[in-house]
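Worth saying up front: this structure is predicted, and the values here are computed from it rather than measured.
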Amino acid sequence: MKRPFKIVTEAAQSFSFSRRATFLGIGQGLIGTVLVGRMAWLSVAENQHYKLLSESNRVNTTLIPPRRGWIVDRNGAPIADNRTDFRVDVIPNQMQDKDRELGVLHDLLALTPDDMDRIHTDLKRSARYQPVQIAENLDWNRFATVSLRIPELPGVAPTRGFARNYPLGAAVAHLTGYVGTASAEQYQKDHDPLLVTPGFKLGKDGLEKALDKRLRGKPGAKRVEVTARGKPVRELATKPDTPGQTVRLTIDAGLQEYAARRLATNSGSLVALDVLTGDMLAMVSMPAYDPNSFSEGIGKLEWKMLSENDHVPLMNKVLQGLYPPGSTVKPMHALALLQNGVDPEHTVDCRGVLQVGTGRFHCWKRGGHGPITMRRAIAQSCDIYFFEMARELGYDRFAPTAREMGLGARYDLPFLSQYYGTVPDSAWKEKKYHKRWTVADSMNAAIGQGYVLVNPMQLAVMAARIASGRMVVPRILLDSPHRPAAMLDISPEKLQIVHEGMWAVVNGGGTGGVARMNLDGIQLAGKTGTAQVRRITRSERATGVRSNASLPFKLRDHALFVCYAPADNPRYAISVVLEHGGHIIRDQDAAPIARDTMTYLFDRERALKKLAELEPTWGGDITTRMKAQREAFMVAQKTPVPPPPLDVEGAQNNVVEAAATADRTAETDAAESRDRPE
């Protein structure tokens, strides 16, 4: 069926046209509105973004590494500061003849083949406008020589910056740590352009690493106007860097250096604490590395020498070393006995050996001490007294006091790697080894052997808490004045009994007479300690125990000493631990070292005079000995030396872990203490 023909009138045509025109106008209006809105968005809201893009096409910006904040001691003396650093960089896109210019720099700066390989690699990887380091830590003559030839070396940029400096060198190595360039992994993680800026270094160990955010600061910027092809036109205003914060420590820099020197050639550590506040006055681990050398970039020979040294100079022995404490814990164990109601006048008959089942436990004094009470047992370091007490009470009665005195504790210190040791008891052994605690375990632990392990910081805390009766907690950041610690819940009468025993160790004919201080009105109280790292067999005991001097270094006893002074009004506490010291050299033993370091706190001139007399006998000061060691090591090298690892920090941790693990597993099952009267 056909539809009827529709007649279109003029009015209908006019309406249809008007309607279409209206829709078209609305569409055009909407498109115009969108365009205007987009233009407004780009010109107003996105103005800063595109202004920066435009600016980046016109201006090349080079970051200026910030100056690190200083680390200073309690008196404001610098422990880590900054020195002027002369360096030479190149900007790749400004170089006209790369090979020629690098050849000139090779001759002027005496660059090695390793340096040239590194430079070519960096140039390949760098952005065209990003500076590439050629050399740093230049002397003035070489820096000036390059500066004079700048007109013929386009793209070469001699720069004055700042490098990290440690005035005390190896004496603070394990305290401060060191700085170094960022690793590839660190850059991949953060993608911070500052990390690949020549001259920038971040903390790699110690306080430098733990406090890196506070010390780092904020970078500045050098701006250069360039053409579309990158040719420099003129330098624009430079934005200065913002230096990092200054960090103030509780450390006494003079005492720190003295203690490091006084440790002589030992592999050991020393900690000095304020017994009222817990302020760490010294924290020394020796031998050590030179943090200045590490921060500049360690060489192959130095790395090999340090990593192979059996004294483990890369390990912070204060916090990462674990040792059987030996007889240094006997005053603390005497306090535990008092806490458990033992009469200090109770007498034990020491005959030199105690038979328990099939085992024989020996006192260090072959013939025994005879009838002995608590005070004299501390003074004479009688093993039989503490064997008997542990056999009667069990070490579960000792362990709470050991923990209260700071052993096995974790302290909130700004160091990223710490080991905390062990205060054992029956529950601990059951959980760790699935074995029952035995009487022999108690007797071993009672004289600081067997499963008991501590670090030197914990020994210093133990001495400080016994001395003051306060809940001393070690602190190293002097962000605000430190108030005296709270008192422990221990009666002064009980502490006085222990104090009398420790006074007699040094001043009453005890085992530590060599630690007696020759200062008017000041006496030192302390406790000697010897910790075995090997078992003495019955056959050896029958034929005569081998002296430490006849044993290899790793088989010698550890030598320890804890003390505080003044004995009648304690203010300072010190712990000294000498790895495999063996009490071989009198002037280099733990007790004389602690005595002289304590003397420094009361009479600096006397202590320094004594050190000046002794130092030449063991090869000079730290720098002299390290130089001699390095030269001897270089002479002894007959095979090519492997390069240092790319990740020095990681490799260092491996060395530390291996050494600490070896110490943690050096638990003896034939425990005995062999303190000798000095």
Side-chain angles (χ1 to χ4, degrees), residues 73 77-81 83 137 139 163-178 206 251-270 282-318 553 576 578-581 584-590 592-597 599-600 604-637 641 644:
D73 81 339
I79 293 177
D81 56 16
R83 58 174 174 78
N137 299 314
D139 56 59
R164 203 56 161 169
N165 179 57
Y166 304 93
L168 301 182
V172 297
H174 293 294
L175 175 68
T176 61
Y178 63 98
I251 296 293
D252 182 323
L255 180 68
Q256 178 81 12
E257 182 182 24
Y258 181 89
R261 293 169 62 186
R262 186 60 185 86
L263 280 168
T265 61
N266 285 295
S267 172
S269 58
L270 183 148
M283 191 193 84
V284 183
S285 175
M286 295 298 290
Y289 58 88
D290 183 356
N292 293 299
S293 176
F294 265 56
S295 297
E296 293 171 5
I298 188 171
K300 298 177 182 179
L301 278 174
E302 186 169 5
W303 171 258
K304 188 172 188 291
M305 178 183 67
L306 292 171
S307 60
E308 293 180 357
N309 191 329
D310 62 0
H311 284 35
V312 200
L314 296 176
M315 183 174 78
N316 181 352
K317 299 176 179 67
V318 172
F553 173 73
V576 177
L578 306 182
E579 289 185 340
H580 311 292
I584 295 174
I585 304 175
R586 186 179 178 89
D587 287 331
Q588 295 188 36
D589 204 356
I593 290 172
R595 175 202 63 202
D596 291 347
T597 305
T599 299
Y600 181 94
R604 183 172 303 186
E605 291 185 5
R606 181 190 289 261
L608 289 172
K609 182 179 178 181
K610 178 70 172 179
L611 181 61
E613 296 172 357
L614 292 173
E615 224 165 18
T617 66
W618 56 65
D621 61 17
I622 298 172
T623 303
T624 302
R625 296 199 310 273
M626 289 180 69
K627 181 180 179 181
Q629 183 183 20
R630 188 179 302 111
E631 291 174 351
F633 186 83
M634 291 179 67
V635 170
Q637 298 307 301
V641 179

Please state whether the rings of Tyr289 and His174 are parallel, tilted or perpendicular, taking 30° and 60° as the class boundaries.
perpendicular
Among residues two or more places apart or on two chains, list those pairs meeting salt bridge (Lys or Arg N to Asp or Glu O under 4.0 Å) that have a residue in residues 610-633.
Arg261-Glu615
Spatial distance of atom [atom1] ([X]) from atom [atom2] ([Y]) [nearest 0.5 Å]:
| X | Y | atom1 | atom2 | answer |
| --- | --- | --- | --- | --- |
| Asn316 | Met283 | CG | CE | 4.5 Å |
| Leu255 | Asp73 | CG | CG | 10.5 Å |
| Lys304 | Leu306 | NZ | CG | 11.5 Å |
| Ser267 | Leu578 | OG | CG | 8.5 Å |
| Ile251 | Thr176 | CD1 | OG1 | 11.0 Å |
| Leu175 | Leu168 | CG | CG | 9.5 Å |

Take Met286 and Ile622 through the side-chain contact (heavy atoms from CB on, under 4.5 Å) test and state the conclusion after the steps.
CA-CA 10 Å; Met286 295 298 290; Ile622 298 172; 3.8 Å; yes
Please evaluate residues Ile593 and Leu270 with respect to the criterion side-chain contact (heavy atoms from CB on, under 4.5 Å), reporting the C-alpha separation (whole Å), side-chain torsions for both, the decisive distance (0.1 Å), and the verdict.
CA-CA 9 Å; Ile593 290 172; Leu270 183 148; 4.0 Å; yes
When you check the side-chain N and O atoms of Arg604 and Tyr600, is any donor under 3.5 Å from an acceptor?
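Side-chain D/A pair, Arg604 to Tyr600: present.
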List the atom of [X], the atom of [Y], and the distance in Å for their closest heavy-atom pair.
| X | Y | result |
| --- | --- | --- |
| Ala253 | Ile79 | CB-CG1, 4.4 Å |
| Ala171 | Gln256 | O-NE2, 3.0 Å |
| Met626 | Asp290 | CE-N, 3.9 Å |
| Ala170 | Ala288 | O-CB, 3.5 Å |

Is [X] reaching over with its side chain to a backbone N or O of [Y], donor-acceptor style, under 3.5 angstrom?
| X | Y | value |
| --- | --- | --- |
| Asn309 | His311 | yes |
| Ser295 | Asn292 | no |
| Thr624 | Gly620 | no |
| Ser269 | Val318 | no |

Ion pair check, Glu605 and Lys609, cut-off under 4.0 Å:
no
I'd like to check Ser285 versus Met315 (side-chain heavy atoms, cut-off strictly below 4.5 Å). Are they in contact?
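Heavy-atom side-chain distance check fails, nothing below 4.5 Å.
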Chi angles and distances behind the side-chain contact (heavy atoms from CB on, under 4.5 Å) call for Leu614, Arg262:
CA-CA 9 Å; Leu614 292 173; Arg262 186 60 185 86; 3.7 Å; yes
Quick one: which of Thr599, Leu263, Thr597 gives a side chain to side chain contact (heavy atoms under 4.5 Å, CB included) with Tyr258?
Thr597
